[in-house]
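Read the structure below first, then the notes.
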Amino acid sequence: MRFFVLFIALLISACSNDPALPKLTAEDVIVAFGDSLTYGTGADTQTAYPAVLSAMMDRTVVNAGVPGETTTDAITRLPQVLEEHRPKLVLLCLGGNDMLRKVPHSTIEQNLRAMIRSIQASGASVVLIGVPEPALFGGAPAFYATIADELKLPYEGEVLNDVLRDPRLKSDPIHGNAEGYRLVAQRLADLLKSAGAI
């Protein structure tokens with residue numbers, strides 16, 4: 001009976017625990033690394049999600065978003081960003097421009113995995129953010145969740161889809177507005193808290 005109770009407790013624990021993150025100190029830097037969705041196209045620098053998240057958490061969040069960037073471009077840029085900012089945590093949000101250019105999902109996945117390996121090798125943790133496919137009922141492709149599951153990464157796969165499905169939260173068909181980016185920041189703040197980073 002004791003073994004059975006222990007087994008059930010371990011099973012519940014395994015099912016309910018999201019991947020954990022190291023606790024961030026007040027001095028630790030977070031880098032938001034991505035494309036126009038990170039940069040804040042459709043809003044301004046103070047209402048892009050990295051700035052809003054920084055204010056919500058009272059932590060430094062560097063906006064390292066470059067509009068139009070593909071995952072192939074980002075692999076080249078990433079080492080300089082890691083060297084310059086030496087983050088404790090990287091919020092990785094890329095793939096939309098690849099999908100707009102019809103890049104195969106396998107290539108996007110391969111590039112994301114390469115970036116995650118580089119980030120982790122630098123000593124930083126990773127939160128993966130899924131980007132919806134540019135389609136009427138598009139959600140984030142399954143490879144985002146697969147990567148997060150295999151590499152034990154905290155994952156936010158719904159918020160960008162929620163923003164882009166609500167006309168009140170977007171500035172154009174593929175970008176949020178200030179309210180949309182505020183929702184992104186709030187969901188990420190909640191994720192970071194549940195993962196133990198804050």
Side-chain angles (χ1 to χ4, degrees), residues 18-69 71 74 77-78 80-82 84-97 99 112 115-116 119 124-132 134 138-140 144-145 148 153-198:
D18 292 326
L21 292 169
K23 192 84 168 173
L24 295 171
T25 70
E27 293 76 31
D28 287 329
V29 173
I30 301 168
V31 163
F33 190 77
D35 52 30
S36 57
L37 294 170
T38 298
Y39 178 80
T41 298
D44 59 44
T45 56
Q46 294 310 306
T47 53
Y49 96 73
V52 178
L53 182 62
S54 178
M56 284 179 175
M57 301 193 312
D58 195 25
R59 296 290 193 283
T60 298
V61 181
V62 175
N63 186 333
V66 173
E69 188 167 66
T71 55
R77 183 171 64 96
L78 179 61
Q80 180 182 347
V81 171
L82 294 174
E84 179 181 355
H85 299 290
R86 301 194 177 278
K88 185 80 170 181
L89 175 66
V90 175
L91 309 173
L92 182 61
C93 179
L94 281 157
N97 291 307
M99 288 184 268
L112 288 171
M115 284 185 275
I116 291 164
I119 293 165
S125 299
V126 182
V127 169
L128 185 62
I129 303 167
V131 181
Y144 285 100
L153 306 178
Y155 174 56
E156 173 49 70
E158 295 296 330
V159 67
L160 289 175
N161 200 42
D162 291 344
V163 167
L164 297 181
R165 287 171 126 177
D166 188 340
R168 298 168 300 175
L169 300 178
K170 60 185 185 178
S171 60
D172 63 38
I174 59 171
H175 298 105
N177 58 23
E179 286 306 307
Y181 291 126
R182 174 165 287 279
L183 178 62
V184 174
Q186 185 60 65
R187 292 272 189 89
L188 288 171
D190 293 344
L191 178 62
L192 294 180
K193 287 174 186 172
S194 69
I198 301 298

Fill in: Asp35 and Val131: CA distance, side-chain angles, deciding distance, side-chain contact (heavy atoms from CB on, under 4.5 Å) verdict
CA-CA 11 Å; Asp35 52 30; Val131 181; 5.7 Å; no
Discussion item. Between Ile129 and Val184, does the side-chain contact (heavy atoms from CB on, under 4.5 Å) criterion hold? Intermediate values first, please.
Written reply: CA-CA 10 Å; Ile129 303 167; Val184 174; 5.7 Å; no
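The main-chain N or O of Leu24 is found under 3.5 Å from a side-chain atom of Arg59 such that the two form a donor-acceptor pair. Lys170 places no side-chain N or O within donor-acceptor distance of the main-chain N or O of Val163, the cut-off being under 3.5 Å. Side-chain N or O atoms of Glu156 include one that pairs as donor or acceptor with a backbone N or O of Glu158 at under 3.5 Å. Looking at Asn63, its side chain never comes within 3.5 Å of a backbone N or O of Ala32 through a donor-acceptor pair.
In this structure, Gly42 and Ser171 approach most closely via the heavy-atom pair CA-OG, 3.2 Å. Of all the heavy atoms in Val126 and Pro154, the pair that sits closest is O-CD, 3.5 Å. The minimum heavy-atom distance between Ala195 and Pro19, with the atom names listed, is CB-O, 3.6 Å. Nearest heavy-atom pair, Ala185 versus Leu53, reported as atom, atom and distance to 0.1 Å: O-CD1, 3.4 Å. Nearest heavy atom pair, residue Gly65 against residue Tyr39, reads O-CD1, 3.4 Å. Looking at every heavy atom in both residues, Pro173 comes nearest to Leu164 through O-CD2, 4.0 Å.
One distance of note links NZ of Lys23 with CG of Leu192; it measures 11.0 Å at 0.5 Å rounding. With rounding to the nearest 0.5 Å, the separation of CG in Leu183 from CG in Leu188 is 9.5 Å. Here Leu191 contributes atom CG and Leu91 contributes atom CG; the two are 9.0 Å apart, rounded to the nearest 0.5 Å. Within the model, atoms CG of Leu160 and CD1 of Ile174 stand 11.5 Å from one another, a figure rounded to the nearest 0.5 Å. The distance from atom CG of Leu21 to atom OG of Ser194, rounded to the nearest 0.5 Å, is 8.5 Å. Interatomic distance, Leu92 CG to Leu153 CG, rounded to the nearest 0.5 Å: 9.0 Å.
Residues satisfying the side-chain hydrogen bond (donor to acceptor under 3.5 Å, both in side chains) test with Arg182, not counting sequence neighbours, are none. The side-chain hydrogen bond (donor to acceptor under 3.5 Å, both in side chains) test applied to Asp172 returns His175, not counting sequence neighbours. For Thr25, the side chain to side chain contact (heavy atoms under 4.5 Å, CB included) criterion is met by Glu27, Asp28, not counting sequence neighbours. Residues satisfying the side-chain hydrogen bond (donor to acceptor under 3.5 Å, both in side chains) test with Gln186, not counting sequence neighbours, are Asp190. By the side-chain hydrogen bond (donor to acceptor under 3.5 Å, both in side chains) test, Glu69 is found to be paired with Arg77, residues two or more places apart in sequence or in another chain being considered.
Between Ile30 and Pro87, the closest side-chain pair of non-hydrogen atoms is not below 4.5 Å. In this structure the side chain of Leu94 reaches within 4.5 angstrom of the side chain of Phe33, judged on heavy atoms. Between Tyr144 and Leu128, the closest side-chain pair of non-hydrogen atoms falls below 4.5 Å.
In the displayed structure, Tyr155 atom OH is contacted under 6.0 Å by more than 12 heavy atoms of other residues, nucleotides or ligands.
Sorted by first and then second residue, the side-chain hydrogen bond (donor to acceptor under 3.5 Å, both in side chains) pairs involving residues 47-56 (not counting sequence neighbours) are Asp44-Thr47.
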